[in-house]
Trainee: 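There's a structure below that I have some questions on.
Whatever order the structure lists ligands and atoms in, that order sets their numbers, starting from 1.
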Amino acid sequence: MNWETVIGLEVHAELSAASKIFCGCATTFGGEPNTRVCPVCAGMPGTLPKLNRAVAEYAVRVGLALNCEITRHCKFDRKNYFYPDLPKAYQVSQLYAPICREGRLTVVADGKEKSIGIREIHMEEDAGKLVHDCSGNRTFMDFNRCGVPLLEIVTHPDFQSGAEVIAYLEKLRETLLYLGVCDCKMQEGSLRVDVNLSVRRTGGEMGVRTEMKNLNSFKAIGRAIDYETKRQIEILGKGGRVYQETRRWDDENGVSYGMRSKENAQDYRYFPEPDLLPIEIDDQWLKMIKGSLPELAHEKRERYINDYKISEKEAFIITTHKNISGLFETVSELSGNPLESAHLVTGEIMRLLNQTDTLPEDLSLDGRKLAALVNLVSDGKINRNAYRETVEAVFTRDVIPEEYIAENGLMMINDDEAVIEAVKTALSENSGAVADYRAGKEKAFGFLMGQVMKRLGGSGNPDMARKALKDALK
Ligand code: ADP
Ligand code: MG
Ligand code: ZN
């Protein structure tokens, strides 16, 4: 008796447009409560919304990147409900003619490629926030988030495992970041994922689904999927019934709770929004948006591998985040040395990000300084140790590489005299190792090399030192 999991996702992405969807208020996260509000987004009767053109453009960008059909004549609908975080008591959304339909996103999970169907992408406004007083007898309303533009990206129920869901979300996040339409910060709620899940006998009829909310990380999503799959199988295995409901995930305790029975579209009494004009996306506008699409991660990967001969592994690491590939491209362009730049970004920079717990989105490094260092090391002006040390100083303290190198005496010693002198002292102070080497112990050479480099103060030219040492030992 085999069970199969069926999952469909609804992803809400807050758009990084500067102003709200139907008024000119700023969309910036946080801020003093109720300072980014006007009569329109506060839902005062008699006010009229006006669509922010950028929102439609962002939606079309995402639709094109996800291989959707673009609805050339689309419109808004009113979704009615009573909830105190939305003072109008309705949300302007799209039900009948969403801006994008029937797209695809190909992902790789558990080593297998899979194409996930996108049912639709629609535009809507976000609601405000309720802040509950800890004494439990008061609730405050913050309307700053009211009217912040959202895209809801809805998939077909095409996922069969948590791994597929995570692979899809990672690729979707990567795409949204590269398109520059959403900052995808789950912790700030700019990317919110609802998981719809049902189980069925392999190949059998679709089961009743539940919808899980309050999933604040990819890790939580994976855990919630495992939990819900088990829960449903257990109920059905005992001959019970799963009820269509919305469930809240409690990540701390690793359990979910039923919140409310799930409404159907009819319950919202949707109707065409009478205060907004339909949107006509003509050929010219569509062409303009297509022309403005930036290069996406998978396109960058191909270019790096084909044009720069960078390894597939490095190309993947570089493109995990827009900021990382941006930095790589700057360093590579300015230094004219893509291979060395790729090693730098995938090696030292990744290591420093991990070590300092810095998120790629918070990365801000001067590409010119790194390019200068790439040139210094590849031209043999500084050695690898000095290079690593200076990269770290640029990363942590934004030092000027040339100054730092001069102040710390890190310029490579390319001076024959100094090298010969260092070899001489190293040999006279380590006669034991010299004897070992002459007796055929190859290992002793490495030790003597270390002694020579130590005497050169870490800025020695290793090639030169190796040659001088070999000559002296002959
Ligand atoms: P609603 O609009 O009420 O939220 P939808 O029919 O639009 O419901 O579906 C929402 C999401 O649930 C979609 O991603 C869809 O793929 C998914 N879904 C629909 N039916 C099932 C099911 N039986 N099992 C799992 N997911 C489902
Ligand atoms: Mg829905
Ligand atoms: Zn406003």
Trainee: Among Lys79, Glu124, Glu273, which residue meets the side chain to side chain donor-acceptor pair (under 3.5 Å) test with Ser93?
Mentor: Glu124

Trainee: Have a look at ligand 1 and work out which part of Arg209, if any, has a heavy atom under 4.0 Å from it: side chain, backbone, both or neither.
Mentor: side chain

Trainee: Look at the N, O or S atoms of Cys41, main chain and side chain alike, and state whether any lies under 2.8 Å from the Zn ion (ligand 3).
Mentor: yes

Trainee: Closer than 4.0 Å to some heavy atom of Ser198 - which atoms of ligand 1 meet that?
Mentor: 22 (C), 23 (N), 24 (N), 25 (C)

Trainee: Relative to atom 5 (P) of ligand 1, which among Arg119, Glu10, Glu120 owns the nearest non-hydrogen atom?
Mentor: Arg119

Trainee: Which atom names give the shortest non-hydrogen contact between Gly128 and Cys146, and what distance separates them?
Mentor: N-SG, 3.4 Å

Trainee: Less than 4.5 Å apart, any side-chain heavy atom of Trp285 and any of Val60?
Mentor: no

Trainee: Is it true that Asp398 and Lys369 make a salt bridge, defined as a side-chain N closer than 4.0 Å to a carboxylate O?
Mentor: yes

Trainee: Examine the proximity of ligand 1 to Val154 and report which part, side chain or backbone, both or neither, has a heavy atom under 4.0 Å away.
Mentor: side chain

Trainee: Honestly, is Arg201 close enough over Trp3, meaning NZ or CZ under 6.0 Å from the six-membered ring centre and within 45° of the axis?
Mentor: yes

Trainee: Quick check on contacts: which atoms of ligand 1 are under 4.0 angstrom from a heavy atom of Pro157?
Mentor: 16 (O), 26 (N), 27 (C)

Trainee: Report the part of Leu9 in contact with ligand 1, treating N, CA, C, O as backbone and CB onward as side chain, heavy atoms under 4.0 Å; options are side chain, backbone, both, neither.
Mentor: backbone

Trainee: Classify the ring geometry of Tyr270 against Tyr268: parallel below 30°, tilted from 30° to 60°, perpendicular beyond 60°.
Mentor: perpendicular

Trainee: Between Met206 and ligand 1, does any nitrogen or oxygen pair lie at a separation below 3.5 Å?
Mentor: no

Trainee: Considering only NZ, NE, NH1 and NH2 on the basic side and carboxylate oxygens on the acidic side, decide whether Arg101 and Glu120 come within less than 4.0 Å.
Mentor: no

Trainee: Give the numbers and elements of all ligand 1 atoms closer than 4.0 Å to a heavy atom of Gly207.
Mentor: 23 (N)

Trainee: Under 4.0 Å from a heavy atom of Val6: which atoms of ligand 1 are those, numbered in the order shown and with their elements?
Mentor: 24 (N), 25 (C)

Trainee: How many degrees, to 10°, between Cys23 SG and Cys25 SG as seen from the Zn ion (ligand 3)?
Mentor: 110°

Trainee: Apply side chain to side chain contact (heavy atoms under 4.5 Å, CB included) to Val40 and Lys50, showing your working.
Mentor: CA-CA 9 Å; Val40 174; Lys50 207 169 110 187; over 6 Å; no

Trainee: Show me which atoms of ligand 1 lie under 4.0 Å from any heavy atom of His156.
Mentor: 16 (O)

